[in-house]
Number of protein chains: 2
Amino acid sequence: MKSVVVTGAAGFIGRHALAALARRGYSIHAVSRSPAPYWAASSMPNVQWHRAELARSDEVERLIGTIRPRSLLHLAWYTEHGAFWQSPENLASLSASLNLLRAFAEHGGSRFVGAGTCAEYRWGAGSCHETETPLRPASLYGSAKKALFEVLSAYAPSKGLSWAWGRVFFLYGPGEHERRLVPSLIRNCLNKQPAVCHFGQLRRDFLHVEDVADAFAALLGSEVSGPVNIASGEAVELGQVALAIGRICGNGAGIEIGSGVPGQNEPPEISAAIERLEREVGWSPARTLEQGLSQTVEWWRAKPGVLQ
Amino acid sequence: MKSVVVTGAAGFIGRHALAALARRGYSIHAVSRSPAPYWAASSMPNVQWHRAELARSDEVERLIGTIRPRSLLHLAWYTEHGAFWQSPENLASLSASLNLLRAFAEHGGSRFVGAGTCAEYRWGAGSCHETETPLRPASLYGSAKKALFEVLSAYAPSKGLSWAWGRVFFLYGPGEHERRLVPSLIRNCLNKQPAVCHFGQLRRDFLHVEDVADAFAALLGSEVSGPVNIASGEAVELGQVALAIGRICGNGAGIEIGSGVPGQNEPPEISAAIERLEREVGWSPARTLEQGLSQTVEWWRAKPGVLQ
């Protein structure tokens with residue numbers, strides 16, 4: 001049975017990645033600083049949970065030295081809502097990732113897939129292409145992710161390591177932080193309260209988190225090398241997303257679309273070229289935006305305490 | 001009295017940096033994984049020696065938290081002759097540097113100067129200019145240094161940290177590893193043995209290590225921000241360096257200059273634009289190449305065990 005270590009296993013993408021990998025027949029070593037959540041303990045027989053603090057190089061060494069995984073899906077990073085763009089925790093996440101990468105390669109690892117971000121690209125120059133769009137991050141988060149990408153690119157060949165780097169764009173879906181755009185619109189709509197989308201004209205590429213997780217699982221199982229955008233390939237106006245949520249919740253009248261102009265690091269459009277994902281990885285999403293939003297609304301509706 | 005922490009204090013540049021900083025009136029906290037060498041213990045009253053393993057984030061935290069330095073000159077890096085270009089130790093050096101940088105900023109640090117390298121640049125496109133020449137390293141060493149540079153650039157402003165990054169080119173002088181070009185030529189010449197310079201036509205920018213160290217001390221004391229090349233500004237043929245060494249040693253006839261063509265990562269010329277160093281830092285070297293080589297030959301001549 002193929003085995004894989006997944007870091008950040010309790011995170012937004014991580015928890016869905018476990019399911020996607022389990023469907024593909026992997027035996028999974030889930031790594032997190034948190035204890036195993038109830039859903040992992042109860043319903044996933046192929047998942048073994050390991051608590052570890054990746055910032056501690058001795059813990060990383062012990063963990064990887066014990067498991068000696070052939071594959072690694074590295075999703076762990078500091079992602080505190082709002083704070084993550086400029087937090088010094090980005091330095092700690094980068095440092096921990098370097099230790100993890102090295103331990104993995106030196107203990108016989110064969111395939112490494114890491115999570116990158118659209119924030120590595122220079123924004124505002126059209127659709128982001130993996131190798132043609134310049135990398136020029138405007139945030140510490142983007143800089144630190146780019147640094148890991150570049151060191152990985154230089155290091156992997158010397159160890160004969162197969163690797164890929166999935167650049168994530170905009171996500172939504174079950175488990176998203178409730179203060180982010182999609183959840184806050186859904187919660188207001190479900191409670192028949194006014195829901196405001198201030199920057200209705202910004203265009204962003206959204207992908208449901210279960211699709212993102214499934215794409216990572218597909219990328220891990222492929223032999224594709226280098227950076228691969230993980231996105232839908234279509235940018236949608238935030239206003240359209242808000243209107244769809246209002247419609248699905250039966251609260252269309254409660255949606256207010258602003259046409260504000262945000263700060264300099266929010267260009268009108270952030271979208272992805274997805275030829276590599278479609279053709280080389282051979283992956284496409286399981287659901288449309290409308291379907292994904294409907295499923296997400298149902299998830300929030302069923303969550304205790306959301307309906308007031 | 002101004003105080004400064006110097007990492008890599010027992011290294012090739014580090015040991016000379018202590019002297020340069022002492023001349024400028026700094027009180028110095030020298031950090032190394034080695035115990036204090038005899039010369040530091042005996043002759044440098046303004047130097048306090050701290051043994052620390054920078055790869056251990058708890059040691060870094062304790063060290064910086066105790067000293068709480070205002071200035072930091074970060075020279076420590078893995079530099080094992082020959083191995084350093086592609087060694088995985090570059091990941092550890094980068095990881096340690098990130099922990100150090102963060103601890104320094106969070107404990108009230110004010111001025112950070114790090115050691116970069118000409119290997120960050122894309123070689124072969126003429127004289128390397130700090131902001132105009134693309135950064136495109138061909139080695140893991142260059143990639144890891146560039147990664148630290150870019151994270152530093154993104155992180156420092158958010159902490160109000162003043163910073164500079166001295167990109168070092170080619171060094172020579174007392175204390176250089178004996179298997180490198182200049183020492184091996186000198187040792188052979190001093191012993192009247194044949195001395196071969198295989199790639200006589202390559203042009204490189206050489207600077208005496210005491211000048212490099214002095215330039216770092218000047219850069220630390222300045223308010224100059226960002227990357228600054230630390231070099232002479234003139235590329236010299238390796239064959240000319242070899243002939244000068246032969247002449248100084250009185251062994252001109254023993255020098256053999258080859259015109260071999262080395263591998264792809266050795267372009268015909270690597271040279272530096274030095275306008276920032278000269279005009280903004282206001283620094284220039286104390287010695288010519290001829291003077292520097294003469295002093296270096298004398299150092300080797302006096303070193304026990306060199307003359308056979």
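The shown structure was predicted, so the numbers you read here are calculated from the model rather than taken from an experiment. We name chains A, B, ... by the order of the sequence lines, and we start the count at 1 in each one.
- Ion pair A:E269/A:R203 flagged as a salt bridge, since at least one NZ, NE, NH1 or NH2 atom sits closer than 4.0 Å to an Asp/Glu carboxylate oxygen.
- A cation-pi arrangement is found for A:R167 relative to A:F149, the charged atom lying closer than 6.0 Å to the ring centre and inside a 45° cone about the ring normal.
- Using a 4.5 Å cut-off between non-hydrogen atoms, the part of residues 81-94 of chain B that approaches chain A consists of B:Q86, B:P88, B:E89, B:L91, B:A92, B:L94.
- Taking all atoms of both residues into account, the shortest heavy-atom contact from B:N229 to B:A272 is ND2-CB, 4.0 Å.
- When each of B:E150, B:R102, B:K146 is checked for heavy-atom pairs under 4.5 Å with chain A, B:R102 comes out on top.
- The candidate from B:P137, B:A105, B:S139, B:A154 with the greatest count of non-hydrogen atom pairs under 4.5 Å with chain A is B:A154.
- Within the model, atoms CD1 of A:I270 and OG of A:S127 stand 11.5 Å from one another, a figure rounded to the nearest 0.5 Å.
- Counted by atom type alone, B:H74 and B:S97 present one or more donor-acceptor pairs between their side chains at under 3.5 Å.
- Side-chain contact between B:V4 and B:P69: absent, with no pair of heavy atoms (C-beta onward) separated by less than 4.5 Å.
- Nearest heavy-atom pair, B:L202 versus B:P267, reported as atom, atom and distance to 0.1 Å: CD2-O, 3.8 Å.
- Shown here for B:R51 and B:S34, the closest heavy-atom pair between the two residues is CG-O, 3.4 Å.
- Within residues 107-117 of chain A, no residue has any heavy atom less than 4.5 Å from a heavy atom of chain B.
- Between B:R204 and B:E266 there is a salt bridge, since a side-chain N of the basic residue sits under 4.0 Å from a carboxylate O of the acidic one.
- Smallest separation of non-hydrogen atoms from A:E132 and A:H129: N-ND1, 3.1 Å.
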